[in-house]
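Numbering of ligands and ligand atoms starts at 1, following listing order.
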Amino acid sequence: MTKLIKNGTVVSATGRHAAEVLVDGTTIVALLQPGSDTALAAESGAEEIIDATGKYVIPGGIDSHTHMELPFGGTAASDTFETGSRAAAWGGTTTIIDFAVQTYGQNVRDSLEAWFAKAEGECAVDYGFHMILGDINEASLKEMDTLVGEGISSFKLFMAYPGVFYSDDGQILRAMQVAANNGSLISMHAENGIAIDVLAEQAASRGDTGPVFHGLSRPSLLEGEATFRAIQLALVAGAPVYFVHLSSSEALEAVAAAKDKGHNVFAETCPQYLYLNLEDHLGAPGFAGAGYVCSAPLRTKHHSHQTDLWKGLRTNDLSIVATDHCPFCMKDQKDLGVDDFRAIPNGIGGVEHRMDLIYQGVVMGEMTLERWVETCSTTPARMFGIYPQKGVIAPGSDADIVLYDPQATSTISVETHHMNMDYSAYEGIEIAGKVDTVMSKGKVIISDNAYHGRKGDGSYLKRGLSTYLH
Ligand code: URP
Ligand code: ZN
Ligand code: ZN
């Protein structure tokens, strides 16, 4: 079945122009000059015309950091692969890269198989996996090579959460040495977890047990320190490094300094760090702040963190915006920590809102339209080895296409979102612009404010190596 998207403005990471996009089956087959379309489309036998008048035609969003069903603190993230990937589609995201998890004492292979089983046949959009290594030993180091061959070409390590996911500097160095050798990418959760645990314990013993003390016991200096340390370890190993959920000026400074020296150091930030803060959200009255507990934590508004992050996105010191989508409901999940912030499961859901929230950066003049596409789609595809299958509107690429209406508006709310959460961290934020139509591999799965897809539409993406390194 062929489809022709007409009258829209095609936006890529490098420019925008009026063009018609011809799709055959699951694939984009041509970009046509407006005007030449009718004859060519007739020749090619386009069976369906999609009118994109007044809309931007962009490559589907790629959220390279999600945690569907992640077990955490005695519960599990509330979105399944089915509900979370469908919410992603509603928000114009047509690819997710989730994290399979090896925890301490588990074997990497068994852990990965468990994640394949959770996702298979469930997803609305295509999905890939990173592998979290929570127990670095001889066997898991060896497994890294095998996994690269199977499309898992990035590995997340934690400098936080001692006793859960934590790796010490020696383990990190060893994993980085393997990555340097096999071409994979190490993703880092950079917070000094040993120091944080001391501060958290001291806060709790003083009786400071509310959600805001989660943030206050994770100072940005300890993100900056861990980021700097991880960069030194990466340089010693000769490996690239990618920082996930970067939240603070201190961490950004360490990344920018390394990039200025020409090192292969990359970072993402997330919408929560651009829009939410410690005082108004994590410090909200009563227990409401629990809805904003995530790590790295939201930062104080009495500092230039948010301004610096927007600037970092413009200068490419920050390459990607991902969500770190890790939703928990307030009821029966976040409230596990009602007496002690240390028991609040860490995470915020937002997979549905990333494209809209970062588009507000365009509206506010923080970034260009092209940079929006680059940070939310093209760079994630390149960074994580799925370009040009994904991340670009070009002949031969998957027909993952979003029609974005800059004239429409909406308001984010728990009443209207599609994530499996009983609150929204972004409640009440007004959005200029709206996802109008979403096509995943040639199939229209969102249009006219309705979902037309099915679970199992999405398939597993076997990823290659990052094209930023090779
Ligand atoms: O709070 C967060 N970020 N939860 C998800 C796990 C992680 O560290 O990414
Ligand atoms: Zn993390
Ligand atoms: Zn995460």
Side-chain angles (χ1 to χ4, degrees), residues 63-79 84 88 96-104 111 115 127-134 154-167 172 185-193 196-197 200 211 214-215 217-218 220 222-223 226-227 230 241-248 251 266-274 276 278 281-282 289-299 320-329 333-334 336-337 341-351 354 380 384 419 421 425:
D63 192 342
S64 53
H65 189 155
T66 69
H67 299 283
M68 308 306 171
E69 305 178 40
L70 174 74
F72 197 108
T75 183
S78 55
D79 264 320
I96 59 167
I97 310 181
D98 205 87
F99 288 80
V101 183
Q102 175 217 23
T103 45
Y104 191 75
S111 313
W115 253 261
Y127 62 97
F129 289 122
H130 313 276
M131 186 85 219
I132 285 176
L133 297 177
S154 42
F155 299 91
K156 182 177 177 191
L157 313 182
F158 287 79
M159 302 167 94
Y161 305 126
V164 187
F165 297 128
Y166 175 82
S167 294
I172 290 170
L185 185 57
I186 297 292
S187 288
M188 191 60 74
H189 179 133
E191 289 188 288
N192 184 329
I196 285 167
D197 274 9
H214 168 81
S217 57
R218 306 179 90 93
S220 55
L222 294 182
E223 187 187 17
T227 305
V241 61
Y242 175 92
F243 292 95
V244 289
H245 50 54
L246 188 146
S247 69
S248 66
F266 306 97
E268 74 184 22
T269 191
C270 311
Q272 54 269 37
Y273 305 119
L274 296 164
L276 310 175
L278 183 135
H281 301 99
L282 194 53
Y292 301 92
V293 165
C294 62
S295 298
L298 302 183
R299 298 303 180 186
I320 286 177
V321 182
T323 57
D324 192 8
H325 176 76
C326 191
F328 296 98
C329 292
Q333 295 200 295
K334 291 286 188 180
L336 291 169
F341 67 87
R342 292 172 298 175
I344 300 171
N346 286 202
I348 289 182
V351 73
R354 182 183 62 123
F384 295 109
M419 301 177 291
M421 293 174 73

Worksheet item: With side chains defined as the heavy atoms from C-beta onward, is the minimum distance between C326 and F99 less than 4.5 Å?
Response: no

Worksheet item: Is a side-chain donor-acceptor pair under 3.5 Å present for H325 with D63?
Response: no

Worksheet item: With respect to the Zn ion (ligand 3), what is the nearest N, O or S atom of H65?
Response: NE2

Worksheet item: How many N, O or S atoms of the protein are nearer than 2.8 Å to the Zn ion (ligand 2)?
Response: 3

Discussion item. Using a 4.0 Å cut-off on heavy atoms, what residues surround ligand 1? Order them by chain and number.
Written reply: H65, H67, K156, F158, Y161, H189, H245, C294, S295, D324, C326, N346, G347

Practice prompt. With sequence neighbours excluded, tell me which residues meet salt bridge (charged side-chain N to carboxylate O under 4.0 Å, His left out) with R218.
Written response: E191

Practice prompt. Would you mind reporting whether I196 and Y161 have side-chain heavy atoms less than 4.5 Å apart?
Written response: no

Worksheet item: Between D79 and M419, which heavy-atom pair has the shortest distance, and what is it?
Response: OD2-CB, 3.6 Å

Worksheet item: Between H214 and C294, is there a donor-acceptor pair closer than 3.5 Å when you use the side chain of the first and the backbone of the second?
Response: yes

Fill in: Residue pair I348 / A425: nearest heavy atoms and the distance that separates them
CG2-CB, 3.8 Å

Worksheet, complete the sentence: Sorted by chain and residue number, the salt bridge (charged side-chain N to carboxylate O under 4.0 Å, His left out) partners of E268 (sequence neighbours excluded) come out as none

Item to complete: Report yes or no: do S247 and R299 form a side-chain donor-acceptor pair below 3.5 Å?
Response: yes

